[in-house]
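Below is one structure, written out as structure tokens, with a few remarks after it.
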Amino acid sequence: ATDIYFIDQDANLQSYYNPLAMVNESKGDTRNRSTRVQFNLNYYILSSLQLQADMAFDLGSNRYNAFQPASAYENAINSTGYNYTYETVRDEMTITSNMKLIYNKNFAERHQVVGTGMFTSRDYSSKYYLGSTGNAIVDDPAAGARPLSINSAVSANRSVAFLANVHYGFDERYLLTAGLRYEGNSRIGKSSRWGTFPSLSASWRISNEYFLREKEWLSELKLRFSWG
């Protein structure tokens, strides 16, 4: 093994690096951390009315730094990035929340009504930093480094949605469902940031008809029409 990677250096040549030297001499370190905290609530306001709620916090952190020494380059003095250091930092946070009311009631044994109202939101934010430097004097680290690039960015977005859904079933054979979703997202332009999305569906569970209930060879047969 040897720490000599170049021979017959010519100061007039352009700088280039030795792959083996990059492997042996360069340093790199990546650190990722993530944390999730979640809260849940499940409460029966009435026997037929249930409240479900949850909120979660997701925190993420990424750190990366690298160092490429001049010894990995031939004619390092001709390179703008010898004794090169590079560092990136990214911090992220996501907050999600959901709140749901569920009404479930059976009437006269054959009728079932299920109503659901829901609110959901997601908030995301991040901060990013990048910096790199190169040492202008190979033999004098005390001379300080020369900044090569510095960048930073901050971003945030939010999405919210309101949902309503009503389901009616008769004798577990005939099913009707109507739904409405109204949602918005900050990443979309103000003129079209909010949208309304209705839906309708009707189903006939043929396998629950009396003339098919005793047929062992048939487990589920349903005809469904939907829109939206």
Side-chain angles (χ1 to χ4, degrees), residues 1-40 54-98 120-161 183-195:
T2 178
D3 58 357
I4 299 176
Y5 303 104
F6 305 98
I7 59 174
D8 298 330
Q9 295 193 16
D10 186 343
N12 295 319
L13 294 178
Q14 185 177 0
S15 173
Y16 62 92
Y17 68 89
N18 183 308
L20 181 60
M22 293 289 285
V23 171
N24 293 337
E25 305 295 335
S26 298
K27 306 295 182 182
D29 181 62
T30 300
R31 297 184 182 184
N32 294 305
R33 295 180 180 178
S34 61
T35 303
R36 180 177 177 87
V37 180
Q38 184 168 343
F39 302 93
N40 297 282
D54 64 80
M55 177 173 285
F57 299 84
D58 292 283
L59 306 176
S61 176
N62 174 272
R63 302 286 190 275
Y64 172 75
N65 58 73
F67 174 66
Q68 298 175 7
S71 58
Y73 290 83
E74 182 169 17
N75 299 316
I77 194 66
N78 294 332
S79 172
T80 59
Y82 58 81
N83 282 347
Y84 177 74
T85 61
Y86 177 88
E87 181 178 18
T88 62
V89 178
R90 181 184 294 275
D91 293 314
E92 299 175 310
M93 180 173 67
T94 303
I95 303 174
T96 56
S97 62
N98 300 283
T120 179
S121 68
R122 180 183 183 275
D123 293 87
Y124 171 83
S125 62
S126 70
K127 297 179 180 179
Y128 175 78
Y129 163 81
L130 178 152
S132 64
T133 62
N135 198 326
I137 301 177
V138 177
D139 297 325
D140 186 10
R146 177 180 58 194
L148 298 179
S149 64
I150 298 176
N151 295 290
S152 64
V154 177
S155 65
N157 60 74
R158 188 183 194 202
S159 61
V160 297
E183 64 178 301
N185 193 308
S186 65
R187 287 177 291 185
I188 302 175
K190 292 183 178 180
S191 60
S192 54
R193 180 167 294 175
W194 292 90

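Everything quoted here is computed from the prediction, not taken from an experiment.
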Can you list the residues that meet the side chain to side chain contact (heavy atoms under 4.5 Å, CB included) rule with Ser132, with sequence neighbours excluded?
Tyr84, Tyr86, Leu148, Ser149

Indicate the atoms forming the closest heavy-atom contact of Ser186 with Asn157, along with that distance.
OG-CA, 3.2 Å

The reported gap from NZ in Lys27 to CG in Asn65 (rounded to nearest 0.5 angstrom) is 12.0 Å

Asn40: what forms a side chain to side chain donor-acceptor pair (under 3.5 Å) with it, not counting sequence neighbours?
Gln38

Pairs meeting criterion salt bridge (Lys or Arg N to Asp or Glu O under 4.0 Å) with involvement of residues 148-158, two or more places apart
Asp123-Arg158

Sequence neighbours excluded and cut-off under 3.5 Å, please list the side-chain donor-acceptor pairs for residues 124-131, or say none.
unit_1, atom_1, unit_2, atom_2, d
Tyr124, OH, Glu92, OE2, 2.6
Ser126, OG, Ser155, OG, 2.7

Tell me the salt bridge (Lys or Arg N to Asp or Glu O under 4.0 Å) pairs involving residues 54-63, sequence neighbours left out?
Arg36-Asp58, Arg63-Asp91

Verify the neighbour count for atom CZ of Arg193: are there more than 12 heavy atoms of other residues, nucleotides or ligands below 6.0 Å?
yes

Assess whether salt bridge (charged side-chain N to carboxylate O under 4.0 Å, His left out) is satisfied between Arg31 and Asp29, documenting all intermediate values.
CA-CA 7 Å; Arg31 297 184 182 184; Asp29 181 62; 3.1 Å; yes

Residue list, side chain to side chain donor-acceptor pair (under 3.5 Å) with Thr94, at least two apart or on another chain
none

